Amino acid sequence: MDEARRPERGPRGEVEMGGPRVWPVLSAVIALSTITRFHRLGEPPHVCWDETHFGKMGSYYINRTFFFDVHPPLGKMLIGLAGHLTGYNGSFSFLKPGQSYGDHSYLGMRGLSGSLSAALLAALLILLDTGCITLSQYILLDPILMFFIMAAVLSMVKFNACSGRPFSTLWWWWLILTGVSLAGALGVKFVGLFVVIFVGLNTARDLWRLLGDLSLTLDVFLRHLAARVVCLIALPLALYALIFAVHFTVLNKSGPGDGFFSSAFQSRLDGNNLHNASMPEHLAYGSVITLKNMRTATGYLHSHWHLYPEGVGARQQQVTTYSHKDQNNFWVIKKRDSDYDPTGPLEFVRHGDIIRFEHKTTGRNLHSHQREAPLTKKHLQVTAYGTNGTGDTNDFWRIEVSGGRSPVKVLRSQIRILHLSTGCVLGSSGKTLPKWGWEQGEVTCSPYSRESLSTMWNVEDHENPRLPNISVSILKPSFLEILLESHVVMVRANSGLKPKEHE
């Protein structure tokens with residue numbers, strides 16, 4: 001057998017990384033990596049493709065401005081760090097993860113096969129690949145993702161090579177580094193989950209082999225199991241949560257990402273109208289409120305003087321969703337059959353109550369009837385109807401609080417609003433109305449009773465002079481709550497991504 005192709009094995013059959021010819025070849029691979037990744041780095045001399053987004057997101061970190069993206073934040077945080085250290089002149093050169101592709105693939109293949117020739121071939125296939133070279137020269141998430149994926153695989157291979165020396169310093173080093181790399185891969189993009197699965201399957205196979213080794217006592221096997229649970233499960237999860245903790249701590253100013261998140265989430269952002277605001281905690285009859293739909297980037301329940309045009313349901317006042325703060329977003333909570341008496345006893349709104357919503361600006365009630373919605377088939381039209389709060393029985397709505405908890409709490413309670421006459425549920429279709437609807441969002445009454453974010457609302461603004469105000473800061477969600485919410489929003493946004501027409 002050719003000396004260059006002969007695997008060097010340890011006392012228990014593991015492939016060793018050593019050999020007199022390894023380091024000169026590795027040095028050559030590193031040199032070639034540097035040349036191919038930095039050659040003509042400044043071309044083209046303008047922003048290309050998704051650099052528009054990720055370069056801007058890097059600047060958001062520098063300015064501490066909150067934004068939303070469909071991917072976890074680690075990649076953008078590193079881009080922002082690069083921009084901060086280089087004055088954000090577009091340079092990404094000090095953080096060149098693509099430069100390590102060649103040596104990672106070389107060392108990984110060397111460990112897997114024991115063949116110097118196979119390792120060199122694998123490195124050259126990566127180093128001279130046009131796609132990898134191109135990606136590594138742009139400000140994108142993919143080079144950072146590939147760095148952590150290849151680092152995880154290499155660390156796993158090196159850890160396996162240390163199996164003959166369990167619990168040694170080097171054994172622990174590569175096991176911990178594998179866990180750190182897994183957290184990095186998942187922290188850049190969710191597709192990093194595939195390398196987590198790959199390492200998990202390798203670990204399961206390794207533990208199965210150890211379980212069948214009759215020379216090991218149960219105590220030793222349990223130590224092996226505990227080490228892998230701590231380093232490959234607990235450590236990556238802790239680091240992944242830490243990435244988000246840093247992300248939320250740094251981005252503490254209101255920005256373009258506010259509208260994707262709940263009102264409670266927004267209350268923690270400096271500059272947001274809810275930050276350090278004070279308002280009554282519980283909803284009561286006579287309160288003036290705004291209702292925010294919980295579907296991503298939908299907006300507030302809104303109405304204005306304009307009517308639906310001829311041929312679009314009943315020619316009554318339009319009800320829409322509007323993503324900006326506006327006086328036309330305010331509604332007055334009234335009892336089912338009587339006007340609000342400001343001198344009467346104070347009554348809180350509770351789960352199951354039947355109420356009316358009177359639009360504060362126009363004096364018309366939130367209304368639905370057996371007319372089809374403008375855009376969404378099988379859904380019913382929602383309008384504002386009546387004069388000075390006087391309408392008909394189609395103005396009655398029942399409040400359902402998620403979990404049945406009463407009374408309704410601002411920011412925190414998630415409520416559904418059911419039309420009493422038809423049984424449909426008030427919601428946002430996510431569709432944009434034509435110019436006659438000022439290109440605002442369509443509001444419908446859905447006949448489907450299944451609970452979804454599009455039919456869930458929360459009270460954001462709340463005015464009632466008869467109730468004491470509290471600081472909204474006491475209603476701020478915990479870290480675990482905002483961590484869960486951010487993942488729900490990311491998953492929903494990812495599932496809603498569609499390829500652009502003709503691309």
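This structure is a prediction, so every number in the text was calculated from the model and none was measured.
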For N329 and H302, test the side chains for any donor-to-acceptor distance below 3.5 angstrom and give the result as yes or no.
yes

Looking only at heavy atoms, the pair that brings V319 and V443 closest together is O-CB, 3.7 Å

So CH2 of W331 and OG of S303: to nearest 0.5 Å the spacing works out to 4.5 Å

**Asked** Taking the side chain from W438 and the backbone from H306, do they hold a donor-acceptor pair closer than 3.5 Å?
**Response** no

CG of D461 to CG of L411, rounded to nearest 0.5 Å, is 8.5 Å

Distance-only donor-acceptor hits, side chain of residues 246-265, under 3.5 Å, sequence neighbours excluded:
unit_1	atom_1	unit_2	atom_2	d
H247	ND1	Y61	OH	2.7
T249	OG1	A245	O	2.7
S254	OG	D258	OD2	2.4
D258	OD1	G255	N	2.9
D258	OD2	N272	ND2	3.0
S262	OG	F265	N	3.2
S262	OG	E485	OE1	3.0
S262	OG	E485	OE2	3.0
S263	OG	N458	ND2	2.9
S263	OG	E460	OE1	2.4

Between T321 and G299 the two heavy atoms that sit nearest each other are CB-C, 4.5 Å

| task | May I have the step-by-step check of side-chain contact (heavy atoms from CB on, under 4.5 Å) for S429 and S454, ending in yes or no? | result | CA-CA 7 Å; S429 67; S454 62; over 6 Å; no

Residues G75 and V188: closest non-hydrogen pair is N-CG2, 4.0 Å

Q. Do the side-chain N and O atoms of H304 and Q318 include a donor-acceptor pair separated by under 3.5 angstrom?
A. yes

For F479, does the CZ atom sit with more than 12 other heavy atoms under 6.0 Å from it, leaving out its own atoms?
yes

Assert yes or no for the condition that the ring centre distance of Y300 to Y322 is strictly below 6.0 Å. no

**OP:** For residues P309 and V312, determine if any side-chain heavy atom of one lies less than 4.5 Å from a side-chain heavy atom of the other.
**Re:** yes

Modelled atom types, side-chain donor and acceptor of T444 and S446, under 3.5 Å: no

Worksheet entry | Steps toward salt bridge (charged side-chain N to carboxylate O under 4.0 Å, His left out) verdict (K189, D142) | CA-CA 9 Å; K189 278 189 175 183; D142 303 85; 3.4 Å; yes

query: Is the gap between the ring centers of H487 and F244 under 6.0 Å?
result: yes

Determine, stepwise, if the pair R412 / E481 fulfils salt bridge (charged side-chain N to carboxylate O under 4.0 Å, His left out). CA-CA 11 Å; R412 304 306 297 270; E481 287 175 317; 2.8 Å; yes

When you compare the side chain of E400 with that of H351, does any pair of heavy atoms fall below 4.5 Å?
yes

Separation between CD (E358) and CZ (R364), nearest 0.5 Å, reads 11.5 Å

Practice problem: For the residue pair T362 and W305, establish whether any side-chain heavy-atom pair is separated by less than 4.5 Å. | Solution: yes

Between T376 and E442, a side-chain donor and acceptor under 3.5 Å
yes

Min side-chain heavy-atom separation L154-T178 under 4.5 Å
no

Separation between CD1 (I355) and CG (L283), nearest 0.5 Å, reads 7.0 Å

Practice task
Mark yes or no for whether H359, through its side chain, and N365, through its backbone, hold a donor-acceptor pair below 3.5 Å.
Solution key: no

CD1 (I415) and CG (L291) are apart, to the nearest 0.5 Å, by 5.5 Å

Given L145 and V191, is the side-chain contact (heavy atoms from CB on, under 4.5 Å) satisfied, shown in steps? CA-CA 9 Å; L145 173 67; V191 293; 3.5 Å; yes

Between L32 and L124, the two heavy atoms sitting closest are CD2-CD2, 3.8 Å

Do Y106 and I30 come within less than 4.5 Å of each other through their side chains, counting heavy atoms only? no

Here the pair of heavy atoms bringing W172 nearest to C231 is CZ3-SG, 3.7 Å

Backbone of S59 reached by a side-chain donor or acceptor of N63 within 3.5 Å: yes

**Asked** Are any side-chain N or O atoms of Q440 and backbone N or O atoms of T432, one a donor and one an acceptor, separated by less than 3.5 Å?
**Response** no

Value for CH2 (W174) from OG1 (T169), rounded to nearest 0.5 Å, stands at 13.5 Å

CZ/F190: more than 12 non-hydrogen atoms of other groups inside 6.0 Å: yes

Does any N or O in the side chain of D353 come within less than 3.5 Å of the main-chain N or O of I399, such that one atom is a donor and the other an acceptor? no

Worksheet item: Passes salt bridge (charged side-chain N to carboxylate O under 4.0 Å, His left out), K409 versus E281? Steps please.
Response: CA-CA 6 Å; K409 184 180 291 188; E281 181 179 9; 3.5 Å; yes

Report yes if some heavy atom in the side chain of D69 is under 4.5 Å from a heavy atom in the side chain of M57; otherwise report no. yes

Between P280 and N464 the two heavy atoms that sit nearest each other are CG-O, 3.9 Å

- Query: Considering only heavy atoms from C-beta outward, does the side chain of L193 approach that of I197 to under 4.5 Å?
  - Reply: yes

request  = Classify the side-chain pair S287/H462 by whether it contains a donor and acceptor separated by less than 3.5 Å.
outcome  = yes

> With distance as the sole test, does K76 use its side chain to make a donor-acceptor pair with the main-chain N or O of P72 at under 3.5 Å?
Replying inline: yes

Just so I know, are the side chains of V425 and I417 near enough to count as touching, which here means a heavy-atom distance under 4.5 Å? no

**Q.** From CA spacing to verdict: side-chain contact (heavy atoms from CB on, under 4.5 Å), M156, F198
**A.** CA-CA 10 Å; M156 181 194 73; F198 175 67; 3.4 Å; yes

Q.
Show, in sequence, the C-alpha distance, side-chain angles and deciding distance for N276 and V472, and conclude whether the side-chain contact (heavy atoms from CB on, under 4.5 Å) test is met.
A. CA-CA 6 Å; N276 291 332; V472 172; over 6 Å; no

